[in-house]
Engineer: 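The structure that follows is given in the form of structure tokens.
Keep in mind that this is a model prediction, so the values were computed, not measured. Numbers here simply count residues along the sequence, with the first being 1. All ligand and atom numbering here is 1-based and tracks the order in the structure.
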Amino acid sequence: MDANRADADRRRPAAGAASVHSKPTVAGRVRLLPGRERPLRAGNPWLFSQAIAAVEPPGLAAGDLVEVSDAAGLLLGFGHYNPTTTIAVRLFCRSGNPANFAELVEDRLARALAARRALVRDDTDCYRLVNAEADGLAGVIVDRYADVAVVQFLTAGADRMRELVVNALTRLIAPRAVLERSRGAVRREEGLDDRQALLAGEELEEVVVRENGLTLCVAVRRGQKTGYFLDQRENRALFAGLARNARVLDCFCYAGGFTLAALAGGARSVTAVDSSALALSWAQRNLALNAYSAQAATLVRARAERFLAESGESFELVVLDPPPLARSRSARRSAARLYTELNRLALARLAPYGLLMTFSCSTHVAGDDFVHAVAEAQAQSGRYARLLRRLGPAPDHPVLLGHPEGQYLTGLLLAATD
Ligand code: SAH
């Protein structure tokens, strides 16, 4: 549990940066071109710059709060503006007056918390508490790991909510620590640098949590994203239920979420593959935390494509959960081919009537595009499959109906026909 020295110089004192304003006022107005309010009315919170007729006053800054109206001047709502991005406004509220912005933010957090309390099982104390637009807090992610909150402010508008979010979290769940890990392509597009900082509470490296009754140690400072992939929780539970007596392969295992689920479900053997030595060390530690011996699973450091191509073994249950293979819209075609190739290799490893749980977490290869990419793999591998179930993220990762851009995780549970 050494302190991560590389990050030490990036630590900042608690919230309160100068740009944070707790009482933002509406800084300007955005009026749309005729008819361009339709997507907003249909439920999409994003307003693209081509839809805009006029912005007043000139010189509004990224993150300013604006009032949005249709061409006739009818109020549509309030949102955060960015003059430099193609998503010009992210709608924050459709009605009402955002004059008491702090109250609005706290109310949204309270509602998000109440929803999670209803949705998340008692044997789990880690979940996504706020999923950006779908929780009425565009650009804000809050992942809860027991008594620790890891937050991301991904847009210029979200970046200004830092202090409000931390204050509201403190009042609602009194976390031991609030850690910020804001990074990635969206922030760069919004003109923001990566930011990692302790915003409140004590310095810590790791947190022990419970997921589906299993114990996990989450590296909240050094792990990927906010430390763990909470979106797969319900798919891991489903996986556990399929694992009895199976020889299981967990490709892209990270800290061993699916591996632990398979062992808990009574797998005969588990092989877990990841290219990261650090991820495998976390998987190893998580096995030990659940009293599994070091031999309970075979952890393999390898590129999954290579392992699949070279392993002569077959498995009754395989999971493929790769990192996003399409980082941009333009990379979509080539990414679809990568998914086809990966799934071709995985289908070839399935025992007769074996099961494959396969995922894409690329927004650009989601839904039916992913189904097509995987279907293509059957013809190439000569292994045909039945679709048992389409999968998605757990319901603590909601998306707004009318906002397909918010969907990113698509999964398929397939059964080989023979
Ligand atoms: N299944 C995991 C999450 C996977 S995240 C879970 O349930 O939590 C993606 C993982 O893929 C990361 O751990 C990363 O280290 C690993 N990775 C990236 N490229 C890889 C490759 N080519 N082969 C194997 N692992 C890879």
Side-chain angles (χ1 to χ4, degrees), residues 124 126-128 143 145 150 184 207 209-212 214-220 222-240 242-243 248-265 267 270-287 289-290 297-311 317-327 331 334-335 337-346 349 356-362 365 391-394 396-397 408-413:
T124 297
C126 54
Y127 50 81
R128 177 151 294 184
D143 282 349
Y145 295 104
V150 184
V207 193
V209 299
R210 302 279 290 163
E211 182 190 67
N212 300 330
L214 292 161
T215 304
L216 294 159
C217 184
V218 176
V220 284
R222 291 203 293 165
Q224 295 188 28
K225 297 277 189 76
T226 62
Y228 190 56
F229 296 89
L230 295 167
D231 50 359
Q232 292 287 26
R233 182 180 63 255
E234 294 201 347
N235 297 322
R236 292 186 189 112
L238 177 63
F239 198 71
L242 302 169
V248 175
L249 175 62
D250 177 0
C251 281
F252 308 93
C253 68
Y254 188 55
F258 283 100
T259 290
L260 282 176
L263 288 170
V270 182
T271 303
V273 181
D274 202 284
S275 57
S276 155
L278 194 56
L280 291 170
S281 73
W282 291 331
Q284 188 73 67
R285 187 174 56 182
N286 286 331
L287 287 172
L289 275 175
N290 291 278
T298 307
L299 305 182
V300 181
R301 184 174 179 202
R303 291 181 59 77
E305 309 79 321
R306 185 136 185 217
F307 178 89
L308 288 166
E310 293 178 358
S311 161
L317 179 62
V318 175
V319 58
L320 280 187
D321 185 22
L325 301 179
R327 299 269 176 194
S334 56
R337 279 196 293 275
L338 291 176
Y339 284 110
T340 299
E341 173 63 6
L342 199 54
N343 283 278
R344 175 183 78 78
L345 293 168
R349 297 270 58 81
L356 171 63
M357 196 181 270
T358 179
F359 295 97
S360 162
C361 61
S362 309
V365 186
L391 305 167
D396 49 327
H397 293 66
Y408 68 98
L409 183 69
T410 307
L412 306 173
L413 176 61

Engineer: Under 4.0 Å, counting heavy atoms only: does Val273 come that close to any atom of ligand 1?
Structural biologist: no
Engineer: For Ser276, take its heavy atoms, then give the atoms of ligand 1 lying under 4.0 Å from any of them.
Structural biologist: 15 (O)
Engineer: I need the nearest protein heavy-atom contact for atom 17 (N) of ligand 1: residue, atom name and distance, please.
Structural biologist: Ser275 OG, 3.4 Å
Engineer: Do any heavy atoms of Ala255 fall under 4.0 Å from ligand 1?
Structural biologist: no
Engineer: Report the residue from Leu308, Leu317, Leu320 that forms a side-chain contact (heavy atoms from CB on, under 4.5 Å) with Leu249.
Structural biologist: Leu308
Engineer: Taking a cutoff of less than 4.0 Å between a non-hydrogen atom of the residue and any ligand atom, is Cys361 in contact with ligand 1?
Structural biologist: no
Engineer: Centroid separation under 6.0 Å, is that true for the rings of Tyr228 and Tyr145?
Structural biologist: no
Engineer: List ligand 1 atoms under 4.0 Å from Pro323, heavy atoms only on the residue side.
Structural biologist: 9 (C), 11 (O), 18 (C), 19 (N)
Engineer: Give, for atom CG of Leu280 and atom CZ of Arg301, the distance between the pair rounded to the nearest 0.5 Å.
Structural biologist: 7.5 Å
Engineer: Starting from atom 3 (C) of ligand 1, what is the nearest protein heavy atom, named by residue and atom, and what distance separates them?
Structural biologist: Asp321 OD2, 3.3 Å
Engineer: Please list the nearest protein heavy atom to atom 10 (C) of ligand 1 with its residue and the distance rounded to 0.1 Å.
Structural biologist: Asp274 OD2, 3.5 Å
Engineer: Atom 22 (N) of ligand 1: which protein heavy atom is closest, and how many Å away?
Structural biologist: Glu305 OE1, 3.2 Å
Engineer: Answer yes or no for Gln224: is there a heavy-atom contact with ligand 1 below 4.0 Å?
Structural biologist: yes
Engineer: Is a salt bridge present between Lys225 and Asp143, judged by a nitrogen-to-oxygen distance below 4.0 Å?
Structural biologist: no
Engineer: Which one of Phe307, Phe252, Phe229 has a non-hydrogen atom at the shortest distance from atom 21 (C) of ligand 1?
Structural biologist: Phe252
Engineer: Which bit of Cys251 gets closer than 4.0 Å to ligand 1, counting heavy atoms only: side chain, backbone, both or neither?
Structural biologist: neither
Engineer: Pair Phe239, Asp250 - check side-chain contact (heavy atoms from CB on, under 4.5 Å), show working.
Structural biologist: CA-CA 11 Å; Phe239 198 71; Asp250 177 0; 5.6 Å; no
Engineer: For Met357, which of Asp321, Leu412, Asn235, Val318 qualifies under side-chain contact (heavy atoms from CB on, under 4.5 Å)?
Structural biologist: Asn235
Engineer: How far is atom 8 (O) of ligand 1 from its nearest protein heavy atom, and which residue and atom name does that atom have?
Structural biologist: Arg236 NH2, 3.0 Å
Engineer: Which residue owns the protein heavy atom closest to atom 23 (N) of ligand 1, what's the atom, and how far is it?
Structural biologist: Ala304 N, 2.8 Å
